[in-house]
Amino acid sequence: MNKIRKSYVPFMKAGMQNLIIYRLNFIGFVIGGLIYCFVMFYLWRAVFASNGGDAFLGFSMTDMVIYLFLSNTTSQLIFSSVSNEIGEEIRDGSISMRLLKPVNTDLSYMFTELGTVFMKLVVLLIPMILGLEIYRYCATGNVMFNVGNFLLYLFSAVLAYIISFRVNLCFGFIAFYVKNLWGIGILKNSIIGFLSGSLIPLAFMPDGLRVCLEYMPFASMSYTPVMIYMGKYGTYEIIFRLGLQIVWSVLLYGLSKLIWLGAIKRLCVQGG
Amino acid sequence: MKRIWKIYRLLAAQNLKRIMEYRADFLTGAVSFLIDQAVGIAFIFIIFTQIPQLAGFTFEQILFIYGFSQIPKGLDHLLADNLWCVGYFIVRKGDFDKYLIRPVNPLFHVIAETFQVDAIGELVVGIALLIYASPGAGLHITIWTILLSIIAVPFAALIYTSLKIITASLAFWLKSSGFIIQMVYGMNEFSKYPTTIYSLPVRIFVTYIIPFAFTGYYPSLFILTGNNALFNIGGVIAISSVLFVISVFIWNKGISAYESAGA
């Protein structure tokens with residue numbers, strides 16, 4: 001345990017400092033995300049108006065606002081850019097330096113990122129939850145914050161982060177084969193955006209598709225924690241969904257290890 | 001003029017050679033943007049399984065607006081993608097020197113240097129949607145509406161380019177302005193849907209301040225209804241011209257403020 005603290009905490013600190021140094025980029029992304037939420041908010045408001053009712057497939061407009069903003073925040077919180085990082089390191093050869101260090105490669109990436117995740121938790125998630133609860137209070141007239149659901153949300157978000165990290169690791173290893181990382185990044189974000197339900201709640205999708213997507217790892221990445229927070233799941237379903245998240249974390253851990261073992265053999269550092 | 005065209009051809013040829021060299025990369029880029037678009041369309045499709053119309057527009061009409069909005073976006077993406085690099089790192093690394101010592105206008109050189117074929121994803125989807133949605137959208141087709149809306153497309157693309165020039169220019173003072181380009185560019189989301197769904201302040205904002213509404217909704221509205229050519233099409237031309245003049249002015253100011261960096 002002491003060893004872990006000694007060798008990995010510096011990675012975490014570096015991650016935090018990175019976010020502080022590039023804070024303007026970070027703020028840009030946050031504002032970009034909020035703009036997107038507002039476009040979606042207006043769109044949904046028009047959908048609700050066209051539908052002529054207060055509820056749309058079990059979602060009220062208040063639910064929808066919570067869903068939109070919280071799933072966007074959750075996606076940002078668990079966002080992993082490790083695929084870009086690995087890709088860059090493979091491209092410029094600096095991955096060899098990382099491989100030489102007496103630390104676990106995956107963990108060193110993960111701790112660097114946990115630094116930024118922690119910062120996001122403080123500056124992004126907490127104000128967002130606060131804002132949403134104030135909104136919910138104003139909209140419905142009673143306090144609906146549920147500590148139990150919030151804690152379960154955090155637990156589920158941790159699992160979501162692990163899944164997101166592993167999925168990204170797999171995407172990052174594609175850099176061993178393809179060089180257009182930027183294109184892969186767009187591809188990854190749009191696939192995850194759609195399949196994770198952060199674009200449109202999975203509950204709204206046609207039944208067959210919905211069931212498929214709910215079992216895929218992407219749903220575990222933001223849909224599950226957000227639905228838990230909103231209290232849309234009963235006790236039994238919460239246990240089931242959390243179990244599914246754990247299963248996916250383990251499976252993706254295995255998959256990323258497997259790809260890594262295959263890819264490392266192909267590593268050929270160009271230049272230096 | 002002839003000289004500029006010749007230089008542009010030479011630079012574009014270089015780009016095409018690079019694409020042929022990295023064919024897999026080109027494919028990944030184009031396929032990525034295609035899938036990104038497919039997701040956006042799936043979203044509209046799913047919404048319309050639940051409601052018959054949105055803010056008074058039918059499914060086909062919304063698709064038409066969406067498709068139209070992607071064409072200027074793709075055109076700008078195809079031709080002026082290098083401005084992103086100016087904002088993100090060309091200025092910061094001091095690489096902008098290169099453009100200043102060559103006997104070509106720096107703005108032209110920056111833009112001509114990249115020919116971003118990834119944009120094919122947006123252009124193909126935009127055109128395909130127009131073709132798919134046109135029969136059912138109840139278009140107001142006359143020679144007049146078709147001609148005017150085709151004229152509007154390059155001007156609408158110029159709105160994108162001008163906004164990128166303005167935000168990229170800020171890098172001359174700030175060293176790096178990638179995040180500002182990202183933020184302003186991201187507002188193009190507003191152009192995909194009818195502005196009538198937004199509240200009044202937002203509507204004014206996307207019409208007159210960051211005028212993305214003119215890249216999609218207004219020109220499409222003109223083809224859909226045939227009304228108000230002066231605002232819907234004239235507005236595109238006027239706003240994009242004004243914005244372009246402002247952007248060139250800021251760009252030139254920025255170049256005189258540019259200090260080379262790095263070593």
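Throughout, a chain's letter reflects where its sequence line sits, starting with A, and its residues are numbered from 1.
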Would you indicate whether the side-chain heavy atoms of [Y] and [X] approach each other to under 4.5 Å?
X     : Y      : value
B:I47 : A:L43  : yes
A:I35 : B:F190 : yes
A:V39 : B:Y193 : yes
A:Y42 : B:V202 : yes

May I have the step-by-step check of side chain to side chain contact (heavy atoms under 4.5 Å, CB included) for B:F43 and A:M40, ending in yes or no? CA-CA 11 Å; B:F43 178 66; A:M40 287 295 135; 3.6 Å; yes
If you look at every heavy atom in A:F204 and B:I46, which pair is closest and at what distance?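 Heavy atoms of A:F204 and B:I46 come nearest at O-CG2, 3.6 Å.
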Surrounding [atom1] of [X] (heavy atoms of other residues, nucleotides or ligands, distance under 6.0 Å), is the total greater than 12?
X      : atom1 : answer
A:Y137 : OH    : no
B:F48  : CZ    : yes
B:K98  : NZ    : yes

As an exercise, state the distance from CD1 of A:I27 to CD of B:Q182, rounded to the nearest 0.5 Å.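 Reported to 0.5 Å precision, the distance equals 14.0 Å.
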How long is the gap from CH2 on A:W44 to CG on B:L54, to the nearest 0.5 Å? 10.0 Å
One option among B:I35, B:L174, B:L34 has the most heavy-atom pairs under 4.5 Å with chain A, and it is B:I35
Under 4.5 Å from any heavy atom of chain A, what part of B:S199 do you find: side chain, backbone, both or neither?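 Interface part for B:S199: both.
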